[in-house]
Amino acid sequence: MDALDSPLSLAETFGLSPLSVRLREALVTFRGDEGVPPSRFDRTSLGILDPVLGVGLWLGRRRADGRVAIYNLFNHTQTPIADGWSVRRTQVRDFRGGTLTYDSHNGTDFAVPPGTVVVAAAPARVLRVSSEFNRGGLKIFLDHGGGLVTTSNHLGRALVRPGDLVRRGQPIARSGASGIDMFLMFPWNVPHVHFNVWLGTEPVDPFALPGEPSLWRRHNDPVPDDGSADDADFTPTPWEPERIEAGIAACTVADVRAALRAIPALDERAMALLFQYNYYPTRFPERPGLHAGPCPRRPRLDLPFRATDAVGIAFPNA
C-alpha cells in the first residue's frame, strides 16, 4: 500500500517522533520559551472536551449522514495576544453568536477519524510542512494566491512537500491527532483537523458574519470540490523581500531571526515568518504585511475533504 492508503502508526497518529524533540517542545507549553509565555488553562478548559463525539471517531466511525461535525469555531472575541495562548473559555463568541470555541481559538475544527484524507481547499503551492508538538502537531501550509493561506493541523502523515503545486481537491495529508493537547487528553478529546485561514498576516474566520462575504464557495455551508470551480487564474502570492525582512527584523528573538534569514527560498521564508507571526505572536511587537495589495474576502474555498468522506458539515445543535 502507498502513503495514501497504508494505516497510520501510533507514532504518526500522535506525532511522537523524534521523542526527544517532542518532549522539549511539550515543555514550552508549560514553561514558555523566549518571548513566549506558558499556555493558560483552567477548569473552564474542560468544557472543550466532548467524549460523546470523540469516542466514536477514535474508533473510526463516521456520521451516518456523511457530514463532518464542527468541534470548535473561530473565536471573534479573543484574549489579547500579549497574554499568551489561552485554552480557557472566558470570552467566547463564534460567528453564529454562540460559544462553540475557546479564548485563543483562531481556526475551525473538523471532527474526523484519524486517517481521514485531507485535501487542498483550493489550488495552491505548498510552502511549509512542519511539526511542533506544542503548536498543533504536523501541519501543512498552502498559499492560494492573493495573500490567502490555509493550514491543516493535527495531521498524521503528509502526502506533499514544499514547492509542490496542488489542485483543488488533491489529497495533501492523512489526518491524525498530533500535538500535545490531543495526546494528553486522549481519549476524551475529539480527533480533528484544525483548519486555519489567513488573509495577509491575520487569521480570519472563513465563515461569514452578517453582511460580509464568506470565504467558502458555498457561503457558510461548505462542501467538497464538485468540479465547478474555475481555477485557471491561480497564481502564487507575490511575496516582497523588503517586507519580509522588515517582519524578520521585528522579531524579538535573535535565534529565530537568524533561522528565518537562513531560508534561501523567498516564498518558503515568507511562510516560515507567517508561521512565527501566528503561532508565536508574542515574539513580534508588530507584524508588517508581507506582500503589496489588498486581501479582499471572496468565496474561494471548499471543504478540505473528499466527497467520498464528507458531503458537508453539521453543527452540534443542528
Side-chain angles (χ1 to χ4, degrees), residues 3 6-33 36 38-39 41 45 48-50 54 57-58 60 68 71-72 74 84-87 102 104-121 126-142 149-162 171-198 203 271-272 274-281 304-305:
S6 60
L8 298 179
S9 68
L10 188 64
E12 283 181 300
T13 298
F14 290 107
L16 299 177
S17 180
L19 187 57
S20 60
V21 173
R22 301 303 174 234
L23 289 173
R24 289 198 301 271
E25 291 171 339
L27 288 176
V28 175
T29 300
F30 304 105
R31 296 180 180 176
D33 198 3
V36 180
S39 297
F41 45 88
S45 304
I48 301 170
L49 303 179
D50 189 345
L57 293 170
W58 286 116
V68 172
Y71 177 40
N72 279 302
F74 186 100
W85 186 260
S86 172
V87 195
Y102 57 85
S104 294
H105 199 250
N106 57 6
T108 303
D109 290 344
F110 297 107
V112 293
T116 299
V117 174
V118 180
V119 307
V126 181
L127 289 188
R128 182 181 173 93
V129 179
S130 68
S131 183
E132 294 79 20
F133 200 60
N134 60 308
R135 286 291 190 269
L138 178 62
K139 297 172 285 292
I140 293 177
F141 299 71
L142 301 181
V149 171
T150 64
T151 74
S152 297
N153 303 247
H154 302 308
L155 302 174
R157 180 185 297 161
L159 303 175
V160 292
R161 296 179 296 180
I172 60 170
R174 300 273 301 281
S175 73
S178 56
I180 188 171
D181 49 338
M182 304 294 286
F183 179 71
L184 289 183
M185 294 299 176
F186 174 81
W188 314 118
N189 209 337
V190 175
H192 63 275
V193 173
H194 173 91
F195 185 75
N196 277 115
V197 180
W198 297 326
M271 191 58 61
L274 192 58
F275 162 79
Q276 289 284 337
Y277 273 7
N278 286 278
Y279 286 82
Y280 300 103
F305 303 105

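It should be emphasised that the depicted structure is a prediction, and the values quoted were computed from it without experimental measurement.
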May I ask you to test the Val126-Leu142 pair for a side-chain heavy-atom distance under 4.5 Å? yes
So, taking the atom named OG in Ser20 and the one named CD in Glu25, what distance separates them when rounded to the nearest 0.5 Å? 9.5 Å
Heavy-atom nearest pair, Ile172 first then Ser152, reads CD1-OG, 4.5 Å
Any Phe186 side-chain heavy atom under 4.5 Å of Phe14 side chain: yes
Note, Phe305 side chain near Val118 side chain (heavy atom, < 4.5 Å): yes
Quick one: CD1 on Ile140 to OG on Ser130, what's the gap to the nearest 0.5 Å? 9.5 Å
On the 0 to 90° scale, with breaks at 30° and 60°, tag the Tyr280-Phe275 ring pair as parallel, tilted or perpendicular. perpendicular
Please assess Phe183 against Ile180 for the test side chain to side chain contact (heavy atoms under 4.5 Å, CB included), listing each intermediate value before the final yes or no. CA-CA 5 Å; Phe183 179 71; Ile180 188 171; 5.7 Å; no
Are the side chains of His154 and Asp181 in contact, using a 4.5 Å heavy-atom criterion? yes
Any donor-acceptor pair under 3.5 Å linking the side chain of Ser104 with the backbone of Val87? no
Which value, rounded to the nearest 0.5 Å, describes the distance between Phe195 atom CZ and Asp109 atom CG? 12.0 Å
Locate the shortest heavy-atom distance separating Ser178 from Gly137; write the atom from each residue and the value. OG-CA, 3.5 Å
Determine whether Arg22 and Ser131 satisfy the following criterion, side chain to side chain contact (heavy atoms under 4.5 Å, CB included), listing intermediate values before the conclusion. CA-CA 9 Å; Arg22 301 303 174 234; Ser131 183; 3.3 Å; yes
Looking at side-chain heavy atoms only, is the closest gap between Phe141 and Trp198 below 4.5 Å? yes
Using side-chain heavy atoms (C-beta onward) and a distance below 4.5 Å, is Leu27 in contact with Asn134? no
Are Ser39 and Arg135 packed together at the side-chain level, in the sense that at least one heavy-atom pair is separated by less than 4.5 angstrom? yes
Option passing side chain to side chain contact (heavy atoms under 4.5 Å, CB included) with Asn196 (candidates Val149, Asn278, Asn153): Asn153
So does Val193 get a backbone contact from the side chain of Ser175, meaning a donor-acceptor N/O pair under 3.5 Å? no
Main-chain N/O of Asn189 paired with Trp58 side-chain donor or acceptor, under 3.5 Å: yes
NZ or CZ of Lys139 within 45° of Tyr279 ring axis and under 6.0 Å: yes
Might you point out which heavy atoms bring Gly54 and Pro191 nearest each other, and give the distance in Å? O-CD, 3.9 Å
Between Tyr71 and Ile48 (side chain of the first, backbone of the second, donor and acceptor by atom type, cut-off under 3.5 Å), is there such a pair? yes
Rounded to the nearest 0.5 Å, how far apart are OG1 of Thr29 and CH2 of Trp85? 11.0 Å
Taking the side chain as everything from C-beta on, heavy atoms only, tell me whether Arg157 gets closer than 4.5 Å to Ser6. yes
When every non-hydrogen atom of Gly15 is compared with those of Phe133, the smallest separation belongs to O-CD1, 3.7 Å
When rounded to the nearest 0.5 Å, the distance separating CG of Leu155 from OG1 of Thr116 is 11.0 Å
Nearest 0.5 Å please: distance from the CZ atom of Arg174 over to the CG atom of Leu8. 4.5 Å
